[in-house]
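All values below come from the heavy atoms of this structure, side chains included, with hydrogens, waters and symmetry mates left out. Starting from 1, each residue takes its place in the sequence as its number.
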Amino acid sequence: MADGEDLRGQFIEAALRVAAAHGPAGLTVRRVAEEAGSSTMGVYSRFGSRTGMLQALYERAFDMLRDAFGAVPVTGDAFTDVRALALAYRIFALQGPTRYAFMFEQAVPKFDPGPDLRARALESTFGVLATAVAQADAQAAPERGAYLLWTAMHGMVSIELTHRDRTELPGWSIASDWEGIYLDGVRAVWNGLAL
């Protein structure tokens, strides 16, 4: 028999599978319990409520993004490191678009992880990008530059996720080079920061 933490982890992994299969709006306690081979009471006893389950999933998703950033080797060259983090961010989003939507959109109606959890989640990931930006100019405010980069990365990835699986538009050649356009955008913002 699994202990409480193992069961909690099993429910969170089940929730990730449910989100992938049914979208974030499909994250019901019943579905997650069924996917984990348990009862709804098992979910409630581990998380207290559906909101508690969603908060745990939110935290896990950001842990996964932090791990993806952590797998990026640090070279010491600011732009090389930022570029590598940007690529890791894009890959993370493309590998789990429903997880990405859950993290950054209001994909589950009325779900708000709360300011404390959001702050911890963003610091654990956005902080990595800010540290990489700070390599370029220790005197600058790295949060501002990192924020501008992140919003550009997020916007480009979100547009790609919206359009990449749709019927290709005639004469729209950008779709044939999503990654190249993305990296051009990251470089353009970086160059605009004048670090």
Quick one: closest heavy-atom pair of Ser38 and Gly42, and the distance? OG-CA, 4.1 Å
How many angstroms lie between CG in Leu129 and CG in Leu149, if you round to the nearest 0.5 Å? 5.5 Å
Within a radius of less than 6.0 Å around CZ of Arg187, do more than 12 heavy atoms belonging to other residues, nucleotides or ligands occur? no
Stepwise side-chain contact (heavy atoms from CB on, under 4.5 Å) test for Glu179 and Leu87: CA-CA 8 Å; Glu179 183 176 302; Leu87 280 171; 3.9 Å; yes
Would you please test Asp112 and Arg118 for side-chain contact (heavy atoms from CB on, under 4.5 Å) and show each step? CA-CA 9 Å; Asp112 180 357; Arg118 281 181 42 228; 4.0 Å; yes
Quick one: OG1 on Thr98 to CD on Glu105, what's the gap to the nearest 0.5 Å? 10.5 Å
Mind checking the CE-CG spacing from Met103 to Leu57? Nearest 0.5 Å is all I need. 9.5 Å
Is the shortest side-chain heavy-atom distance between Glu160 and Arg90 below 4.5 Å? yes
State plainly whether one hydrophobic cluster holds both Leu122 and Leu54, where clusters connect Ile, Leu, Val, Met, Phe, Trp and Tyr through side-chain heavy atoms under 4.5 angstrom apart. yes
May I ask you to test the Val43-Arg30 pair for a side-chain heavy-atom distance under 4.5 Å? no
Verify whether the ring centers belonging to Phe104 and Tyr58 lie closer than 6.0 Å. no
Considering all heavy atoms, the nearest Ala33-Phe11 contact: CA-CE2, 4.3 Å
What do you reckon, is CZ of Phe111 surrounded by more than 12 foreign heavy atoms closer than 6.0 Å? yes
Are Leu27 and His22 close enough that some pair of their side-chain heavy atoms sits under 4.5 Å apart? no
Over 12 non-hydrogen atoms of neighbours within 6.0 angstrom of CD in Glu34: yes
Return the orientation label for the Trp150 and His154 ring planes: parallel under 30°, perpendicular over 60°, tilted otherwise. tilted
Check this for me: Arg66, atom CZ, are more than 12 non-hydrogen atoms of other residues, nucleotides or ligands nearer than 6.0 Å? yes
Does the side chain of Arg60 come within less than 4.5 Å of Asp63's, by heavy atoms? yes
What one should report as the nearest heavy-atom pair of Arg50 and Ala25 is NH2-O, 4.3 Å
Rounded distance [0.5 Å steps], CD in Gln55 versus OG in Ser49: 7.0 Å
Would Tyr100 and Tyr89 count as a side chain to side chain donor-acceptor pair (under 3.5 Å) if you check the C-alpha gap in whole Å, the side-chain angles of each, and the deciding distance to 0.1 Å? CA-CA 10 Å; Tyr100 183 80; Tyr89 184 84; 3.0 Å; yes
Does Phe69 have its ring centroid less than 6.0 Å away from the ring centroid of Phe126? no
Between Arg99 (side chain only) and Phe92 (backbone N and O only), is there a donor and an acceptor less than 3.5 Å apart? yes
Distance in Å, Met156 CE paired with Ile181 CD1, rounded so as to fall on 0.5 Å steps: 9.5 Å
Mind listing the closest non-hydrogen atom pair of Val189 and Ala152 along with its distance? CG2-CB, 3.6 Å
For residues Arg8 and Arg46, report the shortest heavy-atom separation together with the two atoms involved. NH1-O, 3.2 Å
Ignoring hydrogens and geometry, is there a side-chain-to-backbone donor-acceptor pair from Asp81 to Thr75 under 3.5 Å? yes
Of the non-hydrogen atoms in Ala86 and Tyr182, which two are nearest, and what is the gap between them? O-OH, 2.7 Å
Note, Met53 side chain near Tyr44 side chain (heavy atom, < 4.5 Å): no
Start with the C-alpha gap between Trp190 and Leu148, add the side-chain angles, then the distance that decides, and say whether side-chain contact (heavy atoms from CB on, under 4.5 Å) holds. CA-CA 9 Å; Trp190 179 262; Leu148 291 168; over 6 Å; no
In this structure, CD of Gln135 is separated from CG of Asp77 (nearest 0.5 Å) by 7.5 Å
